[in-house]
Amino acid sequence: MYKRYPLLYGFSDLEPYIDTHTLGLHYNKHQLGYLNKLHQLLEKNNYHDEYPIELLSYHISEFPKEDQEDILFNLGGVLNHNIYFKSISKNKIMPSPSFEEQLKKQFQSLENFKKIWKENALKVKGSGYTYLVIDRDKTLKVMNFLNQDCPYFYELIPLLCIDVWEHAYYINYENKRDLYIDNFLEIIDFSFANQMYEMFISKQTNNLSSN
């Protein structure tokens, strides 16, 4: 069955921005809980890894209607955490030249992108995530997704993600979500975003060349 992606850093590596206890709970309790519940639902329906986890939602109609909502909720819990954990590290990797150029083209500057990112993350009502995604038209968008809704469910390519469920920050920041977002930006890592952006652009270019 599906496995979690291993963290690329230790639980204490993001101190003082995210403490060891919170990161450990987030990875070993919250995400693992979603994964275990997803496995239970899939095993109940005799599912055997027919699709990559990122594409599972495209085949949700193959499951009984009474299980679809729970499958998507727990699937989103796994996928959203995957992207969140890949969006931060102690390494502070910056956007690649081509990706930074696109960010500046659409958001005027990297600092203005961060400003728009924070504004959106503060607008999430209740629990959810703020994402930077790219759509089929090569347009970068900052979007909010509530609860465990997920960009993959809408054929959007996720690049960056911040988790604004309270369990992601409350021990350190209590109700100061704005401070949590500021500190997230101190440990943001564009490695995954760079990789996904370059893969997407390369695929789009190859598709145009073959037509």
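Treat the numbers as computed from the prediction; the structure is a model and nothing was measured.
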Inset, instruction - Indicate whether the side chain of Gln148 and that of Asn74 have a donor and an acceptor atom separated by less than 3.5 Å. - result: no
Inset, instruction - Fit a plane to each ring of Phe107 and Phe113, take the angle between them on a 0 to 90° scale, and name the class: parallel (under 30°), tilted (30 to 60°) or perpendicular (over 60°). - result: tilted
Legend entry - Between Asn82 and Gln31: side-chain donor-acceptor atoms closer than 3.5 Å: yes
Legend entry - Aromatic contact, Tyr180 with Tyr17 (centres under 6.0 Å): no
Legend entry - Side-chain ion pair, Lys118 and Asp178, N-O less than 4.0 Å: no
Inset, instruction - Flag the pair Tyr84 / Tyr129 as yes when their ring centroid distance falls below 6.0 Å, and as no otherwise. - result: no
Inset, instruction - Could you list the residues that satisfy salt bridge (charged side-chain N to carboxylate O under 4.0 Å, His left out) with Glu101, not counting sequence neighbours? - result: none
Legend entry - Results of salt bridge (charged side-chain N to carboxylate O under 4.0 Å, His left out) for Lys123 - residues two or more places apart only: none
Inset, instruction - For residues Tyr27 and His81, establish whether the separation of their ring centroids is below 6.0 Å. - result: no
Legend entry - Ring geometry between Trp117 and Phe184 (parallel below 30°, tilted from 30 to 60°, perpendicular above 60°): parallel
Legend entry - Polar contact flag, side-chain donor to acceptor under 3.5 angstrom, Asn120-Thr130: no
Inset, instruction - With side-chain contact (heavy atoms from CB on, under 4.5 Å) as the test, would you mind laying out the steps for Lys86 and Ser191 before giving the verdict? - result: CA-CA 8 Å; Lys86 290 180 179 181; Ser191 299; over 6 Å; no
Legend entry - Donor-acceptor side-chain pairing of Glu62 and Tyr51 below 3.5 angstrom: yes
Inset, instruction - Considering only Ile, Leu, Val, Met, Phe, Trp and Tyr, and joining two whenever side-chain heavy atoms are under 4.5 Å apart, list the other residues clustered with Tyr170. - result: none
Inset, instruction - Report the C-alpha distance between Asn91 and Tyr9 in whole Å, list the side-chain angles of each, state the deciding distance to 0.1 Å, and finish with yes or no for side-chain contact (heavy atoms from CB on, under 4.5 Å). - result: CA-CA 10 Å; Asn91 298 321; Tyr9 40 83; over 6 Å; no
Inset, instruction - Would you please classify the geometry between the Phe145 ring and the Tyr154 ring as parallel, tilted or perpendicular, with 30° and 60° separating the classes? - result: tilted
